[in-house]
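For reference, the structure is listed below as structure tokens.
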Amino acid sequence: MSVYVHDSLSGRMVEVGGEGKVGLYVCGPTVYGHVHIGNARAPLFWDVVVRYLRSRGLEVTFVQNITDVDDKIIAKANEEGVSWQEIVRRYVDSFHERLGLLGVDLPDIEPRATEHIPEMIGLIGDLIDGGHAYAPGNGDVYYSVGSYPPYGALSKQRPDEMRETEKGQTGFKRSPLDFALWKASKPGEPSWESPWGPGRPGWHIECSAMVEKHLPGGADIHGGGTDLRFPHHENELAQSAAAHPEQTFVRAWAHHGMVTLGAGGKMAKSLGNILDVERAVSLHGKNAVRMWLLQSHYSQPIDYSEEILEEKRRAYERLQNLYAQISGSTHSSGLSDRLAAELRERFDAAMRDDLNTPEAIAALFDVTGRAAKEVAVNPEAARQFHSLAEALQEMLAVLGLDLAGEDAMEVDGVHVRWRSGEEPGEGVLRKVAERQEARREKDWAAADRLRDELHAQGWLVEDTSEGPVLGRR
RNA sequence: GGCGGCAUGGCCGAGUGGUUUAGGCACAGGUCUGCAAAACCUGUUACCCCGGUUCGACUCCGGGUGCCGCCUCCA
């Protein structure tokens, strides 16, 4: 069992998991604010990938770091007059809470930069020893881009053509492209002892150190947004490859597209055009958000709008309705077995081909729709799709989409059902029972009046042969 | 300015050198239904422009146009 992932460095598909194991490293957040849905794309997508790989029997180690020391964290702390640790604590909690709202599981290892200072210092030492870094005496240590000829390969940039930009110049760097591995700390800033004086790590070095530590032998897949390709990933690669040329650092670089907000372009904290995860979930629901992010390929940019999310909510509902038709199955017809096998095969083929979640989801709709057609022609078939329902449950678990079960209650002698999760109030239930009673007496005027009232309260009543079912409208 | 990517039907969005419908949403008509909803049936709209390669290109190559990302912190 293995999957193929498009590698941004070579431009080719790389086989991953052939040995039965997969080491995955994904760049996590810098915790100085609440994560928005753009930030959430990576954790959500890779969580799905991890679930998929595990469902196929692969042993996965998923590492996603947290950057807990950084200029912005320090700035935020100063702004509020609290410690940087306080800022970190607050936004790590917020990050976890928001992932929870989206139904995203935490990675196996969530290393923090500040917990890897010795490893980073060691790595920097190796770079200096190898002639790839220098300490000009101001307390900083810089990576010498010129010492590593392949520099630029990942971002397809040529160092000599990038010289135009001199924004990074400090006076101590030998080349403006050189970047900080270690920064001398100013008074009041977080600081650690090092051979070059008290200071703190540069941004890129943490990922190099943490990949090497937590995924010995290298990462099979290294994920992150396309905006990290340069300079972050380029620098990571340059550091590790130069320090430890005998080791593989990353086998496949997988970059996901940006979440855009219509004409506003890329969603970014610095642009202020962000949509908080909490708001997105409360506006559209977890399932719609997941459907939205998973129904386009990870490598593509994806646009957010309320209309699009509404569409995705409906798409999810359709899947839900299709599933509901066969969910009561007690046995499996030959058709069910065939469809289940086809579904597994297509889902698998799609995922193995560069983690193509939209293709995988299309298979869900297609196969399930065919079962629904059968049910339409032959109502008996509704109870004969056990094997398909089972397969569907597995795939939806991988995608993290809920299969809303149903709860029910006897109200005034009427069996009232509703989608689990949102319990209707006593008054609503009573109205439904009353309406059912009116229908029994063919008092359509009263029944319609009650339907309208329930509608006004946000509920939709569906009449079925098995009695009324409540749903949020 | 440099580098990279993308351009598919009303919208979202996969995919492929030709023989089959991606899938979803929306819309129109119908079946079912007291009504409504769901489901099912039928129908509608495709591959940015110009060249080239090819027996044949939406699918490969070149050019153009447009959009996006990166080149500075950024998922």
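Any value given below was found using the heavy atoms of this structure, including those in side chains, with hydrogens, waters and symmetry copies removed.
Comparing atom distances between the A:Asn356 side chain and each of B:rG15, B:rG23, B:rC35 picks out B:rG15 as nearest. Each of B:rG15, B:rA39, B:rA36 was ranked by its minimum atom distance to the side chain of A:Ala376; first place goes to B:rA39. Minimum atom distance to the side chain of A:Glu359 is reached by B:rA22, of the listed B:rA22, B:rA39, B:rC71. The side chain of A:Arg318 sits closest to B:rC40 out of B:rA38, B:rC40, B:rC12. Candidate nucleotides B:rC35, B:rC71, B:rC25 were compared by shortest atom distance to the side chain of A:Asp463, and B:rC35 ranks first. When distances run from any side-chain atom of A:Lys373 to the nucleotides B:rA36, B:rG69, B:rC41, the shortest one goes to B:rC41. Relative to the side chain of A:Arg314, the nucleotides B:rA39, B:rA26, B:rA75 differ in distance, and B:rA26 lies closest. Listed nucleotides: B:rC73, B:rG24, B:rG34. Nearest to the side chain of A:Trp444: B:rG34.
Base engagement by A:Val461 is indicated by at least one non-hydrogen atom pair under 4.0 Å involving a base atom.
In this structure, NZ of A:Lys269 is placed 5 Å from P of B:rA75, rounded to the nearest angstrom. Summarising the geometry, the separation between CD on A:Glu311 and C1' on B:rC27 is reported as 13 Å, rounded to the nearest angstrom. The nearest whole Å value for the distance from the CG atom in A:Asn39 to the C1' atom in B:rC73 is 13 Å. A:Phe365 has its CZ atom 5 Å from the C1' atom of B:rG24, to the nearest Å.
Of all nucleotides present, only B:rC68 satisfies the Watson-Crick or G-U wobble test against B:rG4, with each distance under 3.5 Å. Within the shown strands, nothing qualifies as a pairing partner of B:rU54 under the Watson-Crick or G-U definition with both distances less than 3.5 Å. With a 3.5 Å ceiling on both atom-pair distances, the Watson-Crick or G-U wobble partner of B:rC40 is B:rG30. Here B:rC35 sits opposite no nucleotide as a Watson-Crick or G-U wobble pair (both hydrogen-bonding atom distances under 3.5 Å). Figure legend. B:rC47 is base-paired to no nucleotide; pairs are counted as Watson-Crick or G-U wobble with both atom distances under 3.5 Å. Within the shown strands, B:rG10 is the pairing partner of B:rC25 under the Watson-Crick or G-U definition, both distances less than 3.5 Å.
Two rings, from A:Tyr91 and A:His34, have their centers less than 6.0 Å apart. For A:Trp182 and A:Tyr142, the gap between ring centers reaches or exceeds 6.0 Å.
A:Gln384 and A:Ser333 share no side-chain donor-acceptor pair at under 3.5 Å.
With A:Arg41 contributing its side chain and A:Gly257 its backbone, the two residues share a donor-acceptor pair below 3.5 Å. A donor-acceptor contact shorter than 3.5 Å links the side chain of A:Tyr316 to the backbone of A:Asp402.
For the pair A:Lys312 and A:Asp366, nearest-nucleotide mapping onto RNA chain B gives the more 5' position to A:Lys312. Residue order along RNA chain B, read from the 5' end via each residue's closest nucleotide, puts A:Pro231 first among A:Leu228 and A:Pro231.
Judged by distance alone with a 3.5 Å cut-off, a donor-acceptor contact links the side chain of A:Arg435 to the base of B:rG34.
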